Amino acid sequence: MKASQFYISTLKEPPVDAEIISHQLMIRGGLIKKLSSGLYSWMPIGLKVLKKIEKIIREEMNKAGAIELLMPAIQPAELWEETGRWNKFGPQMLKIKDRHERSFCFGPTHEEVITDIVRNEISSYKQLPINLYQIQTKFRDEIRPRFGVMRAREFLMKDAYSFHANQDCLSKTYEIMFETYSNIFERIGLKYRAVSADSGAIGGDASHEFHVLAESGEDAIAFSSGSNYAANIELATTNFANKISKIEKLKTDKVKTENLKTIDELIKFFSCNADDIVKAVVLKDMEKNLYVIFLSGEREVNQIKAQKIIGVEELFLAHDEDLKNTELVPGFIGPDLKSQSIQKFFDHSLQDKINFICGANEKDFHLKNANLADDVVFDDLSYVKEGDPSPDGKGTLSICRGIEVGHIFQLGKKYSNAMNAKFLNENGTSEILTMGCYGIGVSRIVASAIEQNHDENGMIFPKNIAPFEVVIIPIGFLKSDTVKKTSLDLYEKLVTSGIDVLLDDRDMRPGVMFAESDLIGIPYRIVIGQKSLETNQVEFKIRGESEAKNIDLSNLIEELQNILMKSSN
RNA sequence: CGGGGCGUAGCGCAGUCUGGUAGCGCACUUGUAUGGGGUGCAAGGGGUCGUGAGUUCGAAUCUCACCGUUCCGACCA
């Protein structure tokens, strides 16, 4: 590509509304342009990156035996009513009406549509298993779109859906998809980690997320130092091995603690540690039933775990007014509650706790040297913390931040049941299909790659997804015939060798060309100037490295090919 | 959903308090010099000041409403 015939448009100043580096650089480099909140145009340079990612995904998916199709972005409400998700999906779903007042949505995902296709198309076990995928635009009306294409409302997703005669077959495909995803992120050139995950709104049984590791990630993931245990923080567990305490139980005292409500205030007052305190968190469900969760003072309640254990769909933090006319005194709640109408739960962080401090269920009083009754049942209701033992007993947990770029699920029969998607087995009897689904956030990968690879001059794209592999920068393109001829000649040769090269033939000042090629993250740069040409050499520089070196023109193509071939299968 | 900020040229902003001919930097156009890290000089083009109502002789500026956009907020027991 010649720069004079392409479209490069960069900015010196970062836009004010871009908080994270990838968003700033994508705007500055002219990869994307905002149209409206959470809606972005992909400008030519950005689209090139996107297409390269798509290509890798397609190749790996096809290699894994998946078959590409394309479903409509707009979907009729009837399908969603069959699975009950028309209402359940909530305001995230963009609902629209056509001229006949029929309801549709802009697809936030495609389980319903694919299941509808398959229930009509697949009738025999002989057609199974089948794994169908598409790369397509989705829309989810996020409450707060932010970080550019990282959390946009409209985004590009690869979604695959597999159908099976039984769970065993699903497990095999799931394994293959796990491998395939690993290969994809490997080839794109990202530092990533696969973790066990909560299956969330999509539902189903087993699931794994693939996270790109980055400080700016919106998710926290926990992984073990001594084993390959890794899980999303929402799901991560630890084990509190039963330490047999030799400490004698003391007599409980009631202590006046006027207006001391927070853990920090209590730590100061008792000069103790947070884990000497048992704190109480009150949750409520949709029907305003109250649940009190007791846990160690340094821990936080994991509402997702609580929802599962309590068995309610959604829990909210209770406010002080919800506690009126109950035995619960905000700031002074303790385990010794009389009322039977309030359900109590105890986090497993309390299972060895003795002689602790807790609320006295009376305004302005706490108990010291309190102990739990012997028959208390403990549940896992809290988030793990850095340094907690790994649940498999090997090593301790570390926590880092990640950006979720892939998610695979074993859905089982959730959707096929709801939509009556059946096949005939070997005995000629009708059975419900078993299903899996596998998503990759294609547009989000662009942003996460930049989060992971950038410096003060701009983006540093991994070579397999860079907008161009090589840039040729001639100095004095119009002044010197030798420079011009050499540049054009080299450009033609690189194009012929199948290298994705940009020739900056705009005759700009060198500084501008350097700054722009650095900003958009082209990994390899060749500078052609009159001086070095006298010894038949050109300058070669790898983006992100400080030193350039001179290379003989005659060896250049071979050397470039070697570099580009390395680790790009 | 609650609270705050901001809407003036493609981008970043000043001007608003105290009403009186709409400005600056970047980008763009032309000329000129320059030519290895966003170059200098000169001359230009581009704006219904988010929308609508109101106050006023006169509104970017004051009032009200609306729209857009952005940030923050659900571990306090």
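All values reported here derive from a predicted model rather than from experimental measurement. Quick note on labels: first sequence line is chain A, next is B, and so on, each numbered from 1.
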d(CD1, Ile27(A); C1', U70(B)) in whole Å: 14 Å
Residue matched to G10(B) through Watson-Crick or wobble contacts both under 3.5 angstrom: C26(B)
Nearest-Å distance for atom pair NZ/P, residues Lys12(A) and C13(B): 17 Å
Asp489(A) and Lys493(A) ion-paired at < 4.0 Å: yes
side-chain hydrogen bond (donor to acceptor under 3.5 Å, both in side chains) evaluation trace for Ser382(A) with Asn302(A): CA-CA 5 Å; Ser382(A) 58; Asn302(A) 178 330; over 6 Å; no
G35(B) to C49(B) separation - C1' atoms, rounded to the nearest Å: 41 Å
Any Lys479(A) side-chain N or O less than 4.0 Å from OP1/OP2 of G35(B): no
Ring geometry between Phe540(A) and Tyr524(A) (parallel below 30°, tilted from 30 to 60°, perpendicular above 60°): parallel
Separation of the P atoms in G68(B) and U63(B), to the nearest angstrom: 22 Å
Under-4.0 Å side-chain N/O to phosphate OP1/OP2 contact, Lys34(A) with U70(B): yes
C1'-based separation of C67(B) from G58(B) [nearest Å]: 27 Å
Phosphate OP1/OP2 of U69(B): any Ser36(A) side-chain N/O under 4.0 Å: yes
Residue-phosphate contact under 4.0 Å: Ser37(A) side-chain N/O, U70(B) OP1/OP2: yes
Atom-pair distance (CD on Glu13(A); P on G10(B)), nearest Å: 15 Å
Interatomic distance at C1', C71(B) relative to C62(B), whole Å: 28 Å
P-based separation of U56(B) from G25(B) [nearest Å]: 39 Å
5′-ward residue of the pair Val329(A)/Gly38(A) relative to RNA chain B: Gly38(A)
Distance in angstrom units between Asp17(A) CG and G5(B) P, rounded: 18 Å
Polar side-chain contact Arg525(A)-G36(B) base: donor and acceptor under 3.5 Å: no
Atom-to-atom span, CD of Gln307(A) to C1' of C75(B) - whole angstrom: 15 Å
Candidate pair Phe514(A) and Val527(A), rule side chain to side chain contact (heavy atoms under 4.5 Å, CB included), full reasoning: CA-CA 9 Å; Phe514(A) 292 152; Val527(A) 179; 3.7 Å; yes
salt_bridge(Lys2(A), Asp505(A)) N-O dist < 4.0 Å: no
Touch class at under 4.0 angstrom, heavy-atom based, for Thr10(A) against every strand present: base
Between U8(B) and G15(B) - P atom distance, rounded Å: 14 Å
Parallel, tilted or perpendicular: ring planes of Phe294(A) versus Phe346(A), cut at 30 and 60 degrees: parallel
Touch class at under 4.0 angstrom, heavy-atom based, for Ile333(A) against every strand present: sugar-phosphate
Nucleotide nearest Ile263(A) (side chain, heavy atoms from C-beta), chosen from C11(B), U69(B), A77(B): A77(B)
Base paired to U48(B) (Watson-Crick or G-U; both N/O distances under 3.5 angstrom): none
Lys305(A) NZ to C75(B) P, straight-line distance once rounded to whole Å: 17 Å
Out of C1(B), A77(B), G12(B), whichever nucleotide has its closest atom nearest the side chain of Ala280(A): A77(B)
Nearest-Å distance for atom pair CD/P, residues Gln24(A) and C11(B): 17 Å
Cationic N near anionic O, under 4.0 Å, Arg151(A) to Glu142(A): yes
Pairing nucleotide - G40(B), Watson-Crick or G-U, each distance under 3.5 Å: U32(B)
Watson-Crick or G-U wobble mate for C75(B), both contacts under 3.5 Å: none
Glu545(A) CD - G37(B) P separation (whole Å): 20 Å
Arg28(A) or Arg146(A), whichever maps to the more 5' nucleotide of RNA chain B: Arg28(A)
Candidate nucleotides G36(B), G10(B), C1(B), ranked by approach to the side chain of Ile475(A) - the nearest: G36(B)
Sugar-phosphate only, base, or nothing, as touched by Glu19(A) at under 4.0 Å among non-hydrogen atoms: sugar-phosphate
Sugar-phosphate only, base, or nothing, as touched by Gly529(A) at under 4.0 Å among non-hydrogen atoms: base
P atoms of G10(B) and U48(B), separation to the nearest Å: 9 Å
Touch class at under 4.0 angstrom, heavy-atom based, for Val527(A) against every strand present: base
Rounded distance in Å between the C1' positions of A60(B) and G7(B): 11 Å
Cation-pi, Trp86(A) ring and Lys95(A) (6.0 angstrom, 45 degrees): yes
Euclidean distance, Glu362(A) CD relative to Leu367(A) CG, rounded to 0.5 Å: 9.0 Å
Presence of salt bridge, Asp455(A) and Arg543(A), under 4.0 angstrom: yes
U55(B) - base-pair partner by Watson-Crick or wobble geometry, distances under 3.5 Å: none
Within residues 504-521 of chain A, residues whose heavy atoms come under 4.0 Å of RNA chain B: Asp507(A), Met508(A), Arg509(A), Pro510(A), Gly511(A), Val512(A), Phe514(A), Ala515(A), Glu516(A), Asp518(A), Leu519(A)
